[in-house]
There are 2 protein chains.
Amino acid sequence: MKQNSIPEVITKNDSTKRHRQYEKRLRSILRAASQVFAKEGFEGASVRDVAAKAKINLSGIYYYFTNKDELLYALQHHTFSTLHETLEGRLATLRDSEDRLKAVIENHFELFAGNMDDLKVCVHELESLSGKYYREVLDVRRKYYRLVRSVVAQNLDGRSHDVDLATLFLYGSLNWVYTWYDADKNADIRKLSDGLLKIYMNGIRTS
Amino acid sequence: MKQNSIPEVITKNDSTKRHRQYEKRLRSILRAASQVFAKEGFEGASVRDVAAKAKINLSGIYYYFTNKDELLYALQHHTFSTLHETLEGRLATLRDSEDRLKAVIENHFELFAGNMDDLKVCVHELESLSGKYYREVLDVRRKYYRLVRSVVAQNLDGRSHDVDLATLFLYGSLNWVYTWYDADKNADIRKLSDGLLKIYMNGIRTS
DNA sequence: ATATAGATCGAACGTCCGTTCTAATATTAT
DNA sequence: ATAATATTAGAACGGACGTTCGATCTATAT
């Protein structure tokens, strides 16, 4: 039943009991990998740790994934794709430029709050892959970047800001969150979103 | 001649030839470590790589540093201290709140441009140390954070922003720079500083 | 019930890593 | 010159790591 080397691409909608078991295991491994990578870093984490957390034998991992890199690849590809897709979904119904910028920020923060480990691994291990894996993840990242950039550009319209610079500053605020966010202290995600939106739109001068 | 286990704290101003040689070697090792850690990540980098880049024997490293962690500690402690000290120096003569905020941003970006590897290692390996090493670096980071925070607070004065949130968003923009900065493309550091200052102060709405 | 393919497991291999130990060399002090 | 000390060098250790392999177990199909 083992399929493609790229787990995202599910071959057939084979909904046998076996297939469902397979997918369940695969997801549980990815969840374990996400937790371990987030805690130890990709290089510092061992496949043995992932196996232990997923309650599977070490070699069992290699039945589902061809190597350690592919674990990170699957994680990053899936998470960045989700980030991009959910944002596209939100933007589809919005026309007002400020609403769209708000959607960008809320989408990022809400997805982060719901998948802290995933987002942290994505943001912190940007350079841990290489070759084909790296390039494919980079493609998705670029798609997401372009989408965010287009929303920023729409808000900038006519003003003398460098679009990429403005986008990257926003990116920084969004991505840095994993280093300080505390689920207890910063429970209210909407407050974070509003705070950033206000500052980014109007600056810290306005109240 | 080997001194304290914490290289920052130079014991005596022993200016013998030997001592000067010792310090030179020590700095060359730190520079090598900075380059290797920036490229491979702290966990991914090997002490052998650092030794090779510093053109010293592997065991030579252990004459100057007690272990690999101490290399990172020395690097981070020194760089964060510098960041803090240079900012304090700049702020000493400035009273206007916007000027002071500008100093924060310029200080960070200029120091980054001049020591890309150091800053990257500092920002990217925030969690790679533990125990005493971690705590001591954290102390310096906190000092720097408080200083930046106080400048932000001064600019916020009376307005309904959360001071920590506002500081952390600024932090994000500042620290994220290592992921995208290209010395050729973004040669003009002052342009970066001005761009961020404008956005952070006035938002993207104003031209 | 038996055959077949899917899934799990235990054990091992080769490699690289951080660190240490001891000997050798270079520099300074007497 | 000789002794003392600072520094470098080479070799090795024990352990952890990613990965592989063949055996074994399990579920499905006939």
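Computation of the quantities below employed the complete heavy-atom set of this structure, encompassing side-chain atoms and omitting hydrogens, waters and symmetry-equivalent molecules. Proteins come first, then strands; the chains are lettered A, B, ... in the order of their sequence lines, and each starts at number 1.
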Item to check | Interatomic distance, Gln21(A) CD vs dA27(D) C1' [rounded to whole Å] | outcome: 10 Å

Checklist entry - Which word best sums up how the rings of His124(A) and His124(B) line up, parallel for under 30°, tilted for 30 to 60°, or perpendicular for over 60°? => result parallel

Checklist entry - Which part of the nucleic acid, if any, lies within reach of Arg25(B) when heavy atoms closer than 4.0 Å are counted: base, sugar-phosphate only, or nothing? => result sugar-phosphate

Checklist entry - Looking for any heavy atom pair under 4.0 Å, which part of the strands does Ala51(A) touch: base, sugar-phosphate only, or nothing? => result nothing

Checklist entry - Rounded to whole angstroms, how far apart are CZ on Arg48(B) and C1' on dT20(C)? => result 12 Å

Checklist entry - Between residues 53-60 of chain B and DNA chain D, which residues have a heavy-atom gap below 4.0 Å? => result Asn57(B), Ser59(B)

Item to check | NZ or CZ of Lys68(B) within 45° of Phe42(B) ring axis and under 6.0 Å | outcome: yes

Checklist entry - For Glu127(A), does the CD atom have more than 12 heavy-atom neighbours from other residues, nucleotides or ligands under 6.0 Å away? => result no

Checklist entry - Where does the angle between the aromatic ring planes of Phe169(B) and Phe109(A) fall among parallel (under 30°), tilted (30 to 60°) and perpendicular (over 60°)? => result parallel

Checklist entry - In whole Å, what is the span from the CD1 atom of Ile61(A) to the P atom of dT20(D)? => result 14 Å

Next on the checklist: Strictly below 4.0 Å, N to O, side chains only: are Arg90(B) and Glu110(B) in salt-bridge contact?
Outcome noted: yes

Checklist entry - So, is Tyr64(B) close to the dT7(D) phosphate, meaning a side-chain N or O under 4.0 Å from OP1 or OP2? => result no

Item to check | Tyr62(A) OH to dG22(D) P, straight-line distance once rounded to whole Å | outcome: 18 Å

Checklist entry - Lys24(A) NZ to dT8(C) P: how many Å, rounded? => result 12 Å

Next on the checklist: Between His108(A) and Asn175(A), is there a side-chain donor-acceptor contact under 3.5 Å, judged purely by atom types and distance?
Outcome noted: yes

Item to check | Nearest atoms (heavy-atom pairs only) where Ile29(A) meets Ala54(A) | outcome: CA-CB, 4.0 Å

Item to check | Rounded distance in Å - CG (Asp49(A)) to C1' (dC17(D)) | outcome: 11 Å

Checklist entry - Between dT19(C) atom P and Asn67(B) atom CG, what is the distance in whole Å? => result 5 Å

Checklist entry - Which nucleotide in the set dA7(C), dT20(C), dT7(D) lies at the smallest distance from any side-chain heavy atom of Tyr63(A)? => result dA7(C)

Next on the checklist: What is the separation between atom OH on Tyr22(A) and atom P on dA5(C), rounded to the nearest whole Å?
Outcome noted: 18 Å

